[in-house]
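Just so it is clear: chains get the letters A, B, ... in the order the sequence lines come, proteins before strands, and each one is counted from 1. Fair warning: this is a prediction, and the values are worked out from it, not measured in the lab.
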Amino acid sequence: MPFTTPRGTHDILPDEARRWQWLEARFRHACALAGFGEIRTPMFEETDLFARGVGEDTDIVTKQMYSFTSPGNDRLTLRPEGTAGVVRAAIQHSLLTPGNVEKLFYYGPTFRYERPAKGRFRQFAQLGVEVFGAPGPDIDAELLAFASDFLAGIGLCTAVLEINSVGCPECRPLYRDALRNALAGVRGELCPDCDRRYDSNPLRILDCKVERCRELSADVPVILDVLCEPCKTHLAGVEAGLRALGVAFVVNPHIVRGLDYYTRTAFEFIAGNLGAQNTVLAGGRYDGLVAELGGPATPGIGFAAGVERLLLSVGEGAGETERPGVVYLAALDANARDTALVLATTLRRAGVPTALDYLSRSLKAQMRDANRQGAWYVLILGGDEMTRGEAALRDMRGASQSTLALDAVVPYFRDVYAGLSTTVDKE
RNA sequence: GUGGGUAUAGCUCAGUAGGUUAGAGCGCCAGGUUGUGGCCCUGGAGGUCGGCGGUUCGAGCCCGCUUAUCCACCCCA
């Protein structure tokens with residue numbers, strides 16, 4: 001095997017690609033209903049955009065970025081997440097005028113240099129949405145309902161929504177201090193990772209899976225107790241909105257986001273069948289990010305989901321779409337093959353999906369090929385019929401056979417396939 | 001970056017205490033029908049047993065290294 005896919009990447013073969021198309025179509029459909037417009041940004045950006053946007057000290061920026069220097073000496077990075085680029089574009093093209101709400105969605109490959117595991121890849125696709133300019137908790141609730149309905153629509157109605165507030169620049173530092181104070185006495189008992197986190201990011205200790213750490217942090221103060229009044233009110237507003245919209249959720253004060261830009265609302269949808277990487281869709285509010293990246297102070301909120309993870313969680317069977325079967329042209333001799341070639345192209349120009357044999361195989365082999373391709377009809381072009389200007393028409397589903405005049409073939413099938421979509425399901 | 005599992009045909013996997021030409025199912029090709037699919041029967045093609053090195057008279061099987069992959073940790077979608 002001379003060449004294989006680089007570590008953590010994979011090829012998507014036709015059968016699997018159909019599932020991807022199905023998922024993407026569902027997402028686009030949902031976005032269209034909710035008034036999101038698509039934005040396509042470059043797959044790489046200036047490295048500094050991510051460093052400033054995502055946060056200098058985050059794992060993503062410190063060790064997971066595919067960064068390179070271009071021949072022109074620009075420092076560039078393959079995007080490790082979607083939001084920073086979208087924000088950059090929104091600023092660059094003045095989409096964020098005061099008093100305007102901008103709703104955008106994106107879909108595309110994302111890159112992180114990590115050790116691959118179940119549901120985690122070095123190149124993966126993310127789909128996501130961003131809402132700019134809307135500060136109120138009602139938007140948060142609406143966005144969560146949107147996400148929840150999208151997940152339910154692809155068969156993930158069992159995903160559990162957990163929400164939290166990570167506070168704002170006013171109250172988060174207070175909580176950090178409160179955490180350190182509470183754990184100072186037992187610091188020596190924490191696991192090595194948490195000992196490090198104590199200094200770097202004590203909030204992460206709440207997320208630790210080590211039994212002892214969980215015990216130690218069990219009755220530590222919760223951020224919800226330390227939130228400032230505006231943050232408290234906001235969270236209450238989100239909860240009320242969710243209840244009004246009938247979206248089930250649990251408040252999990254231990255949710256911590258890995259990106260620095262989040263403020264107030266943070267959330268995750270957890271799927272039960274993915275092992276350790278069980279977060280299937282996540283996001284939050286980022287009221288300071290636009291300003292941080294040099295734009296007009298603009299609140300924002302959004303989420304992202306990993307396509308591979310979604311597909312993994314949905315399971316093998318999902319996303320299989322029914323498409324009309326082809327008309328298969330079976331030719332019995334060289335003369336018939338010439339006719340078949342012309343006929344195939346003519347039929348396709350008329351919108352009829354058509355297949356034919358390329359190897360001059362026996363009729364038996366061509367029939368088998370037709371069957372395997374799921375053909376609805378086989379048009380048998382044989383010497384006897386052709387001299388009469390006809391062809392044998394076999395209905396592969398009913399197994400009945402009849403005769404069709406050659407010059408009636410195109411109009412006949414145009415009628416049969418009229419109105420049938422030959423592309424992927426719109427739903 | 002850390003720990004563990006796995007690596008045999010296109011796919012899913014067998015392979016007995018190391019011993020002749022490495023097997024099965026599925027898939028693929030062909031024949032059974034002189035112009036006809038799905039089921040069935042018969043035959044066929046296809047493998048440097050991940051790579052390198054070592055132990056041995058002899059290695060798919062044992063040892064070392066290496067690569068890939070999977071799982072867990074870290075973190076995250």
Side-chain angles (χ1 to χ4, degrees), chain A residues 1-10 13 15 54 58-64 79-83 107-128 147 151 159 191-194 196-197 201 204 207-210 255-259 267-271 274-283 302-313 325 328 330-333 336 357 359 361-386 391-401:
Chain A
M1 202 74 71
F3 296 109
T4 56
T5 47
R7 183 157 209 213
T9 67
H10 51 188
L13 304 180
D15 284 347
V54 176
T58 59
D59 268 36
I60 289 180
V61 171
T62 55
K63 51 186 188 191
Q64 298 182 349
R79 67 175 172 219
E81 59 97 45
T83 301
Y107 180 101
T110 310
F111 306 85
R112 283 182 206 167
Y113 187 83
E114 293 185 87
R115 186 88 173 256
K118 185 181 180 67
R120 184 171 60 208
F121 312 95
R122 289 183 171 177
Q123 174 177 336
F124 60 102
Q126 269 195 345
L127 54 84
L151 292 177
C191 72
D193 283 331
C194 284
R196 198 193 65 237
R197 291 172 182 141
N201 191 350
R204 290 227 165 280
D207 216 20
C208 187
K209 271 98 182 168
V210 175
I255 287 186
V256 180
R257 310 264 58 227
L259 289 63
F267 54 86
E268 297 182 353
F269 281 84
I270 314 287
L274 289 181
Q277 280 68 238
N278 56 6
T279 301
V280 88
L281 183 153
F303 69 71
V307 174
E308 289 86 347
R309 244 178 234 191
L310 249 19
L311 254 15
L312 220 48
S313 185
Y328 193 100
L332 297 184
D333 54 47
D357 170 63
L359 301 176
R361 286 182 285 194
S362 68
L363 179 60
K364 183 190 177 86
Q366 294 187 60
M367 292 296 290
R368 200 166 44 227
D369 190 27
N371 185 57
R372 211 171 5 227
Q373 292 192 38
W376 279 2
Y377 304 94
V378 174
L379 194 68
I380 301 167
L381 301 166
D384 297 347
E385 293 91 334
M386 284 185 64
L393 173 60
R394 186 168 181 81
D395 182 330
M396 295 294 275
R397 290 175 295 177
S400 62
Q401 197 158 319

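Listed by first then second residue, pairs satisfying salt bridge (Lys or Arg N to Asp or Glu O under 4.0 Å) with a partner in residues 368-384 of chain A read A:Arg361-A:Asp369, not counting sequence neighbours.
In the interface, the side chain of A:Gln366 is not paired with the base of B:rU36 through any donor and acceptor atom under 3.5 Å apart. Taking only distance into account, the side chain of A:Glu114 never meets the base of B:rG1 through a donor-acceptor pair shorter than 3.5 Å.
A:Arg397 has no side-chain polar atom (N or O) that falls below the 4.0 Å cut-off from OP1 or OP2 of B:rG38. Residue A:Lys364 has no polar side-chain atom (N or O) positioned under 4.0 Å from OP1 or OP2 of B:rA30.
Whole-Å rounding puts the A:Phe124 CZ to B:rC75 P distance at 17 Å. Between the CG atom of A:Asn278 and the P atom of B:rA77 there is a distance of 12 Å, rounded to whole Å. Atom-to-atom, CG of A:Leu332 to P of B:rU33 comes out at 18 Å; the value is rounded to the nearest Å. Whole-Å rounding puts the A:Arg122 CZ to B:rG1 C1' distance at 11 Å. Distance A:Leu363 CG to B:rC29 C1': 17 Å, rounded to the nearest Å. Straight-line distance from the CG atom of A:Leu393 to the P atom of B:rU36: 17 Å, rounded to whole Å. Rounding to whole angstrom units, CZ of residue A:Arg7 and P of B:rG1 are separated by 8 Å. Remark: P of B:rG35 and CG of A:Asp384 are 10 Å apart, rounded to the nearest angstrom.
A:Ala399 comes within 4.0 angstrom of a nucleotide base, judged by non-hydrogen atoms across all strands. A:Gly119 comes within 4.0 angstrom of a base, heavy atoms only. Residue-level contact check: A:Phe303 touches neither bases nor backbone, having no heavy atom under 4.0 Å from any strand. Across all strands shown, A:Glu385 has heavy atoms under 4.0 Å from base atoms, whether or not it also approaches the sugar-phosphate.
Here, B:rA45 and B:rG15 have their C1' atoms 23 Å apart, quoted to the whole Å. Rounded to whole Å, the P atom of B:rG31 lies 12 Å from the corresponding atom of B:rG35. Going from the C1' atom of B:rC11 to that of B:rA72 covers 27 Å, rounded to whole Å. A gap of 12 Å separates the P atoms of B:rC41 and B:rG27, to the nearest Å. Spacing between B:rA59 and B:rU16 at atom C1', rounded to whole Å, works out to 16 Å. Only the P atoms considered, B:rG60 is 16 Å distant from B:rU55, to the nearest whole Å. When the C1' atom is used for both B:rU67 and B:rA24, the distance is 29 Å, rounded to whole Å. For the P atoms, the distance from B:rU21 to B:rC61 is 16 Å, rounded to whole Å.
Annotation: of the two residues near RNA chain B, A:Glu268 and A:Thr9, the 5′-most nearest-nucleotide partner is A:Thr9. Judged by closest nucleotide on RNA chain B, A:Tyr113 is the one of A:Tyr113 and A:Gly306 placed further toward the 5' end.
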Which pairs of donor and acceptor atoms, one on a side chain in residues 391-398 of chain A, lie under 3.5 Å apart (sequence neighbours left out)?
| residue | atom | partner | partner atom | Å |
| --- | --- | --- | --- | --- |
| A:Arg394 | NH1 | A:Gln401 | OE1 | 2.8 |
| A:Asp395 | OD1 | A:Arg397 | N | 2.9 |
| A:Asp395 | OD1 | A:Gly398 | N | 3.0 |

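How far CG of A:Leu281 is from CZ of A:Phe267: 6.5 Å, rounded to the nearest 0.5 Å.
Looking at A:Arg122, its side chain never comes within 3.5 Å of a backbone N or O of A:Tyr113 through a donor-acceptor pair. In terms of modelled atom types and a separation under 3.5 Å, the side chain of A:Glu114 and the main chain of A:Gln64 share no donor-acceptor contact. For A:Ser313 (side chain) and A:Leu310 (main-chain N/O), no donor-acceptor pair under 3.5 Å exists by modelled atom type.
Under the side chain to side chain donor-acceptor pair (under 3.5 Å) criterion, A:Gln126 pairs with no residue, sequence neighbours left out. With sequence neighbours excluded, the residues satisfying salt bridge (charged side-chain N to carboxylate O under 4.0 Å, His left out) with A:Lys63 are A:Asp59. For A:Phe124, the ring-ring contact (aromatic ring centres under 6.0 Å, His included) test picks out no residue, with sequence neighbours left out. Among residues two or more places apart in sequence or in another chain, the salt bridge (charged side-chain N to carboxylate O under 4.0 Å, His left out) test is passed with A:Glu308 by none. Under the salt bridge (charged side-chain N to carboxylate O under 4.0 Å, His left out) criterion, A:Asp15 pairs with A:Arg18, sequence neighbours left out. Applying the ring-ring contact (aromatic ring centres under 6.0 Å, His included) test to A:Phe121 and every residue at least two apart in sequence or in another chain returns A:His10.
For A:Ala392, the listed nucleotide lying nearest its side chain is B:rG35; candidates were B:rG35, B:rC70, B:rA30. When the nucleotides B:rC29, B:rG35, B:rA77 are ranked by their closest atom to the side chain of A:Arg361, B:rC29 comes out on top. With B:rC71, B:rC75, B:rA77 as the choices, the nucleotide that has an atom nearest any side-chain atom of A:Phe121 turns out to be B:rA77. Closest to the side chain of A:Ser362, out of B:rC71, B:rU36, B:rG31, is B:rG31.
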Distances for protein N or O near nucleotides 42-47 of chain B N or O, under 3.5 Å:
none

Which pairs, protein N/O on one side and nucleotides 3-12 of chain B N/O on the other, fall under 3.5 Å?
| residue | atom | partner | partner atom | Å |
| --- | --- | --- | --- | --- |
| B:rG3 | O6 | A:Arg115 | NH2 | 3.2 |

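Side-chain atoms of A:Gln123 and A:Pro109, non-hydrogen and from C-beta on, do get closer than 4.5 Å to each other. Using a 4.5 Å cut-off on side-chain heavy atoms (C-beta onward), A:Phe269 and A:Thr279 make no contact. Two residues are said to be in side-chain contact when any heavy atoms from C-beta on lie closer than 4.5 Å; A:Ile255 and A:Glu268 meet this criterion.
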Worked check of side chain to side chain contact (heavy atoms under 4.5 Å, CB included) between A:Tyr328 and A:Asn371:
CA-CA 9 Å; A:Tyr328 193 100; A:Asn371 185 57; over 6 Å; no
The test is side chain to side chain contact (heavy atoms under 4.5 Å, CB included); show your working for A:Ile270 and A:Val280 and say whether it passes.
CA-CA 6 Å; A:Ile270 314 287; A:Val280 88; over 6 Å; no
Quick one: the dot-bracket string of RNA chain B, using Watson-Crick and G-U wobble pairs with both distances under 3.5 Å, [ ] for crossing pairs and | for bases paired to another strand.
(((((((..((((.....[...)))).(((((.......))))).....(((((..]....))))))))))))....
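Within residues 367-374 of chain A, the residues having any heavy atom under 4.0 Å from RNA chain B are, by residue number, A:Met367, A:Arg368, A:Asn371, A:Arg372.
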